[in-house]
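Notes to accompany the following structure.
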2 protein chains.
Amino acid sequence: MDEHERTEQDSGIATRANGSRDGNAASHGTTVDRVVAQLREGVMNGTLPPGQRLVEADLTRDYGISRGPVREALRRLSAEGLVELVPNRGAVVRRLSYRETIELFEIRLPLECQAARLATAAIDHGDNRDRFNAAITPIWSDAPRRYGTAYHEENREFHEAIFAICGNRQLADLCRRLQLPLIMLQLSGVMTPAMYADSVAEHREIARCILAGDAEGAAAAVWQHLRRAQGIVEHMPASTFRQGEPD
Amino acid sequence: MDEHERTEQDSGIATRANGSRDGNAASHGTTVDRVVAQLREGVMNGTLPPGQRLVEADLTRDYGISRGPVREALRRLSAEGLVELVPNRGAVVRRLSYRETIELFEIRLPLECQAARLATAAIDHGDNRDRFNAAITPIWSDAPRRYGTAYHEENREFHEAIFAICGNRQLADLCRRLQLPLIMLQLSGVMTPAMYADSVAEHREIARCILAGDAEGAAAAVWQHLRRAQGIVEHMPASTFRQGEPD
DNA sequence: ACGCTCATTATTGTCCTACAATCTCGTCTA
DNA sequence: TAGACGAGATTGTAGGACAATAATGAGCGT
């Protein structure tokens with residue numbers, strides 16, 4: 001249902017087409033927060049495809065704000081890794097090269113393992129066990145998984161459940177930022193039902209270890225989970241990635 | 001007028017890799033780069049102590065530039081973790097709480113282990129072995145270590161040598177950013193000669209594993225190395241850290 | 001004296017305009 | 001055809017202005 005009806009404006013910025021699922025940011029945020037949220041949303045839901053240029057002048061017009069906040073929003077998204085800033089050339093929605101994608105997995109692997117370890121250690125602090133159980137209920141469902149973004153969402157929420165109880169806010173933030181980048185979206189496009197099944201089984205194993213207090217088991221399960229995902233990415237068509245690596 | 005852009009994601013820029021070997025921004029960098037470099041320098045050498053306020057108006061005056069670049073420099077340093085941005089209050093040189101410090105170690109641990117693994121795997125690519133050997137020669141010296149910043153520098157360069165050959169630029173950048181934060185500086189103030197000896201011995205063990213191709217051994221050695229450093233930090237006086245945790 | 005409200009001040013957030021610096025691209029020339 | 005060149009597009013920076021917000025301190029009543 002999301003069309004490519006972006007042929008009217010120069011840079012096709014999603015003015016208001018998206019249904020702003022996270023309306024909270026718009027409420028008390030500053031102008032910059034609002035713009036960052038909207039641009040992020042646009043990138044995540046595909047309205048702003050990788051490689052799309054983000055011209056300051058267009059953004060000031062589309063959002064009705066001045067260049068100051070626009071520039072700051074772009075820097076912030078750049079720090080998040082969602083857009084790329086080229087000196088004197090402006091910002092474009094980031095497009096990962098094959099190598100960068102693998103590099104991100106090499107970072108996520110040990111990091112999410114650590115998050116799983118810490119989550120296991122903290123599972124009985126406060127109401128962590130209850131919150132964790134509540135957050136991961138979907139993974140126990142035997143209903144067949146829906147394709148694409150639907151499962152992508154279940155996956156994201158499962159990992160988020162781990163970050164949420166790991167007790168290390170900086171680690172959690174870092175993991176979230178590394179998960180954002182759009183590989184996941186592209187990933188959901190090439191997954192087969194069998195792959196979904198594998199993924200769900202791995203989620204269950206991870207959850208089992210965490211709930212049982214087996215930190216190293218959880219870490220190993222996360223490692224295996226991400227390695228398999230990395231394997232899928234490695235077999236994606238070259239056209240998925242940005243070409244022309246330096247080096 | 002010309003309407004041939006934005007047809008797809010091939011808006012031309014995507015293939016433009018960053019050609020900037022950003023060795024040192026001071027040379028041909030933009031205004032912002034210059035300010036960032038100077039402020040970073042000030043934070044690292046103690047001219048700007050933790051907690052020091054960085055008021056935009058003062059900086060515009062001191063550096064003779066307008067507010068735009070000043071603001072951008074502060075955001076960039078904030079992304080680096082060197083300054084803290086408080087809404088409507090401005091920027092202050094970051095001061096880590098005890099908990100934040102521990103959290104950073106929990107991130108560095110698995111990350112630097114991974115860097116050591118990757119470095120071991122890449123030790124025989126290109127001239128990595130030669131470069132690595134050249135960079136770590138100081139650790140083999142039997143001369144007694146000098147206190148304080150002198151050893152701090154040797155330590156930093158040793159870890160840098162690992163990052164440099166690990167083959168994962170994003171991981172290396174991340175590790176560097178996590179090392180920056182000023183714990184290390186404060187750390188060098190409380191170390192005894194025995195601690196220096198331990199640290200050097202651990203460096204040698206790490207180097208031995210990497211050169212011998214023992215990835216897991218190197219990872220384990222890095223783990224132990226950082227755990228010991230973390231142990232030292234845990235026993236530092238409370239006054240070292242920022243008080244008053246949010247939460 | 002004490003605590004509270006309220007004006008004052010300091011500082012950031014945003015807008016505006018303008019110009020310099022740099023990049024892109026089409027055209028013209030040799 | 002290759003290369004120089006110039007026009008247009010876009011970012012980088014300057015400078016001034018005002019609004020929004022948080023810290024400060026004075027005055028007030030009890």
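The shown structure was predicted, so the numbers you read here are calculated from the model rather than taken from an experiment. Each chain gets a letter, A, B and so on, in the order its sequence line appears, and its residues count up from 1.
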Looking for any heavy atom pair under 4.0 Å, which part of the strands does [X] touch: base, sugar-phosphate only, or nothing?
{"X": "B:Arg75", "answer": "sugar-phosphate"}
{"X": "B:Gly90", "answer": "sugar-phosphate"}
{"X": "B:Leu74", "answer": "nothing"}

* Distance-only donor-acceptor test (3.5 Å): side chain B:Arg89, base C:dG13 -> no
* To do: Evaluate the ring planes of A:Phe132 and A:Phe158, with Trp represented by its six-membered ring, and classify them as parallel (under 30°), tilted (30 to 60°) or perpendicular (over 60°).
  => tilted
Output the rounded distance in Å from [atom1] ([X]) to [atom2] ([N]).
{"X": "A:Asp58", "N": "D:dT10", "atom1": "CG", "atom2": "P", "value": "7 Å"}
{"X": "A:Glu56", "N": "C:dC15", "atom1": "CD", "atom2": "P", "value": "14 Å"}
{"X": "B:Leu54", "N": "C:dT11", "atom1": "CG", "atom2": "C1'", "value": "13 Å"}
{"X": "B:Arg71", "N": "C:dT12", "atom1": "CZ", "atom2": "P", "value": "8 Å"}
{"X": "A:Asp33", "N": "C:dT14", "atom1": "CG", "atom2": "P", "value": "8 Å"}
{"X": "B:Asn88", "N": "C:dT11", "atom1": "CG", "atom2": "P", "value": "13 Å"}
{"X": "B:Leu59", "N": "C:dT11", "atom1": "CG", "atom2": "P", "value": "12 Å"}

* To do: Kindly say if A:Thr31 contacts the phosphate of C:dT14, meaning a side-chain N or O under 4.0 Å from OP1 or OP2.
  => yes
* Does a side-chain N or O from A:Arg67 land closer than 4.0 Å to OP1 or OP2 of D:dT11, or not? -> no
* To do: With the side chain counted from C-beta on, respond yes when A:Arg71 and B:Arg71 share a heavy-atom pair under 4.5 Å apart, and no when they do not.
  => no
Side chain of [X], heavy atoms from C-beta onward: which of [options] has the nearest atom to it?
{"X": "B:Arg53", "options": "C:dT11, D:dT11, C:dG13", "value": "C:dT11"}
{"X": "A:Pro69", "options": "C:dC15, C:dT11, D:dT13", "value": "C:dC15"}
{"X": "B:Ser66", "options": "C:dC15, D:dT13, D:dG12", "value": "D:dT13"}

* Asked: Should B:Arg76 and B:Glu72 count as an ion pair when the cut-off is N to O under 4.0 Å?
  -> yes
* Asked: Are A:Gln114 and A:Arg117 close enough that a side-chain donor and a side-chain acceptor fall under 3.5 Å?
  -> yes
* **Qualifying residue, where the test is salt bridge (charged side-chain N to carboxylate O under 4.0 Å, His left out) with B:Glu84 and the options are B:Arg75, B:Arg89, B:Arg242** => B:Arg242
